[in-house]
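The sequence lines fix the lettering, A, B, ..., with proteins before strands; numbering per chain opens at 1.
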There are 2 protein chains.
Amino acid sequence: MLVNSRFDATDGTGRIFAHMTAVDKSDGTVGKALAVLDQIASYGRPVRFAELLGDSPLPKATLYRFVQTLTNQGMLQYDVERQTYAPGLRLVRLAHSAWAQASLAPVARPHIDALSHETGETVHLAQLDHAQVLYVDKRNARDPVEMFSQAGKVGPAYCTGVGKAMLAHLPEPELTTVLAQQSWHQFTPATHGSPESLRAELAEIRATGISFDREEHEIGIICVSAPILNSQNRPLGALSVTGTTRRTNLDALAQLGPRLQQAARAIARDAESWVFPQSAAPHTMSQGERPYVRSDA
Amino acid sequence: MLVNSRFDATDGTGRIFAHMTAVDKSDGTVGKALAVLDQIASYGRPVRFAELLGDSPLPKATLYRFVQTLTNQGMLQYDVERQTYAPGLRLVRLAHSAWAQASLAPVARPHIDALSHETGETVHLAQLDHAQVLYVDKRNARDPVEMFSQAGKVGPAYCTGVGKAMLAHLPEPELTTVLAQQSWHQFTPATHGSPESLRAELAEIRATGISFDREEHEIGIICVSAPILNSQNRPLGALSVTGTTRRTNLDALAQLGPRLQQAARAIARDAESWVFPQSAAPHTMSQGERPYVRSDA
DNA sequence: AACAAGGTTTCAAATAATGAAACCAGTTGC
DNA sequence: GCAACTGGTTTCATTATTTGAAACCTTGTT
């Protein structure tokens, strides 16, 4: 049984983004459970069981059991008062590991620190995750303009600077699948509306090695971005410097291009030679020492 | 089959902490899969299959299939080059939701901002998660927030200011179970070594409403902390202001006690009345639109 | 060339997931 | 006050998935 599904949800600020549930491929029970988890996360707010059920292809009893299991496991948190479910804190604990090990953030840290210091603007570090842009780190500009971006947040690939920078260097078979997964929602008049339109720009980006966001995702927000490429030219991530049209303009940002590329190259270099500190290794484990006690807090 | 297990791992800075895998309770296949995920996260570095197998109670084929499934699902990331597994980026995406919805961080934000501004010291916001302290936010006085570099870290409950503040207000049956899960590792000469020793201090903390870390976890690090209690006096979390013995002392920190308590009360009040912005709600879902494509990046 | 270690696949038996339907509150309407 | 809801929880025979010992590859080593 396949449980393919696509979510269109609005985030807190009202923007629409496509969210693919990484599901099925017949990954059995575990896959289905994780799909439920994804579904719950997609609402962006605590949800009641009934609402969940309405949106789910699963039968009542099945969904119920999954939600129970996930709650037991700390992957979901149940609010007795309001009778709602929300993603649980265990995820935060796990994400800390993921962030430290699977993302470019630890490697890139000194480089983006330097960049934000030099430019005084907001710097983003993003990676591609299931056809979407996942922001893994960020340095705020001096005056913190609250923006659609924080570590862990996702955004569309087809209309952001970092997204386009990475797409431009994606090898062909993959690019097609990824483009097919974009929502092509028209955020602003400047947003690309189709794969064809975007492909034209991607060629140019590939040539120059720099991409821009010309208010394609959000009016008043522009950015310049450079891809982080490994030695086989595969995009590992992308860096960007973002500004508002009030305070800067595309020409000014374009000046930062070379500096961005330099930082991107440095990160790529460091990433290849990066080895985890062996000191962090010592790991012992003893079994069955204590019973797990369900937290019913 | 129960898969109880306990990990003792050192984090990057060399501190030892007990890490309980929230497992079993016969949560079926999903529970076992999540245990594997926890195990992998516990190493703090990418691991090879063989090492995983050595530490796992599961038979080769079973563990193998779990790792495959989790990788397919983006919960793990496989490094083809080094043949290692690490927690995957999907967790970062999910954790963003969890952090925003299940933690006190969004509610507490303005309050801890104010606190760190006023004191100029490091402020922590923590919650209790499976007998451990989970830091959910932090203000570094200097640097801006870096989400998962700090949030998501876990620490021991029995020898930190925030941990003791929360334990002091835990109702009895629970307190006993939680105390039984502490490692009682002697980090410094001042570390409590047993439940009895700690219980004495907890009574005092309950009376004063303020707890201190007197270099119990790390030499040179002291802090003052206040619990965040809901209307039924249940600890939802704790706040702390941390300093080094070089720059400050316990008496100076004690002065901040009332201010901390005030902030804690404010957070508790806000948390009770907190309702998720309804605007974030609109959620639609359409099924079977696009196939999920495995990312073999 | 033979060996070893790490990783992957097979397949019948054992186990866990499934979901229709019954059940059990609270709530609302009359 | 009763009856019909609505939303949530449990049951249980059926069905499908997981399980794991063992065989099997594949790659690197002596």
Side-chain angles (χ1 to χ4, degrees), chain A residues 1-5 23-40 43 45-73 75-86 281 283 287 292 294 296, chain B residues 1-5 23-37 39-40 43 45-73 75-86 281 283 287 294 296:
Chain A
M1 180 213 279
L2 297 188
V3 198
N4 294 332
S5 51
V23 182
D24 72 273
K25 206 67 178 181
S26 64
D27 265 339
T29 313
V30 174
K32 289 177 216 161
L34 293 177
V36 172
L37 189 59
D38 248 8
Q39 190 197 145
I40 292 174
Y43 291 85
R45 63 181 162 82
V47 269
R48 302 197 53 159
F49 178 75
E51 188 171 3
L52 230 40
L53 181 61
D55 294 337
S56 175
L58 301 172
K60 212 178 180 184
T62 305
L63 181 64
Y64 182 71
R65 251 177 290 105
F66 275 137
V67 166
Q68 288 293 81
T69 304
L70 290 171
T71 304
N72 264 326
Q73 294 289 326
M75 301 296 278
L76 288 181
Q77 203 167 53
Y78 181 62
D79 181 334
V80 191
E81 186 103 352
R82 304 181 216 267
Q83 298 192 106
T84 54
Y85 295 91
H283 170 93
Q287 276 168 210
Y292 166 74
R294 170 177 180 171
D296 19 25
Chain B
M1 181 214 278
L2 298 188
V3 198
N4 294 332
S5 51
V23 182
D24 72 275
K25 205 65 177 182
S26 63
D27 265 339
T29 313
V30 175
K32 290 177 216 163
L34 292 178
V36 171
L37 189 58
Q39 190 197 148
I40 292 175
Y43 290 86
R45 65 184 159 80
V47 269
R48 301 198 53 159
F49 177 76
E51 189 171 2
L52 231 40
L53 181 61
D55 293 337
S56 175
L58 301 172
K60 211 177 181 184
T62 306
L63 182 64
Y64 182 71
R65 251 177 289 106
F66 275 137
V67 166
Q68 289 292 82
T69 303
L70 290 171
T71 304
N72 265 326
Q73 293 290 328
M75 300 296 278
L76 288 180
Q77 203 168 53
Y78 181 63
D79 181 335
V80 192
E81 187 104 350
R82 304 183 216 266
Q83 299 193 107
T84 54
Y85 295 91
H283 170 93
Q287 277 169 209
R294 171 177 180 170
D296 19 26

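Closest heavy-atom contact between A:Leu76 and A:Val67: CD1-O, 4.0 Å. Annotation for A:Leu63 and A:Leu52: closest pair CD2-C, 3.9 Å, computed over non-hydrogen atoms. Smallest separation of non-hydrogen atoms from B:Ala86 and B:Ile40: CA-CG2, 4.1 Å. Contact detail for B:Ala33 and A:Val30: the closest heavy-atom pair is CB-CG2, 3.6 Å.
A straight line from NZ of A:Lys32 to P of C:dA16 spans 16 Å, rounded to a whole angstrom. Taking atom CG of A:Leu58 as the reference point, atom C1' of C:dA17 lies 12 Å away to the nearest angstrom. Across the protein-nucleic acid pair, A:Leu53 atom CG and D:dT9 atom C1' stand 13 Å apart, rounded to whole Å. Rounded to an integer number of Å, the gap from CG of B:Leu63 to P of D:dT18 is 15 Å. Rounded to whole Å, the distance from CG on A:Asp79 to P on D:dG8 is 13 Å. In this entry the distance linking OH of A:Tyr85 with P of D:dG7 reads 14 Å, nearest Å. Atom CG of B:Leu34 is separated from atom C1' of D:dT18 by 16 Å (rounded to the nearest Å). Taking atom CD of A:Glu81 as the reference point, atom P of D:dG8 lies 15 Å away to the nearest angstrom.
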Handout entry: From CA spacing to verdict: side chain to side chain donor-acceptor pair (under 3.5 Å), A:Asp55, A:Gln39
Key = CA-CA 9 Å; A:Asp55 294 337; A:Gln39 190 197 145; over 6 Å; no
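Nearest-nucleotide assignment on DNA chain D puts the 5′-proximal partner with A:Gln83, out of A:Gln83 and A:Arg65. Take the nearest nucleotide of DNA chain D for A:Val30 and for A:Phe49: the residue whose nucleotide is more 5' is A:Phe49.
Evaluation of the side chain to side chain contact (heavy atoms under 4.5 Å, CB included) rule for A:Tyr64 yields A:Phe49, A:Gln68 as partners, not counting sequence neighbours. By the ring-ring contact (aromatic ring centres under 6.0 Å, His included) test, A:Tyr85 is found to be paired with A:Tyr78, residues two or more places apart in sequence or in another chain being considered.
Distances shorter than 4.0 Å separate none of the side-chain N or O atoms of B:Lys60 from OP1 or OP2 on C:dG6. In this structure, B:Thr29 does not reach the D:dT18 phosphate: none of its side-chain N or O atoms is under 4.0 Å from OP1 or OP2. A sub-4.0 Å separation between OP1 or OP2 of D:dG8 and a side-chain N or O of A:Tyr64 is absent.
Where the helix from C:dA1-D:dT30 to C:dC30-D:dG1 starts and where it ends, the local axes point in directions that differ by 30°; five pairs per end, rounded to 10°.
At the heavy-atom level, B:Ala50 lies under 4.0 Å from the strands shown only through sugar-phosphate atoms.
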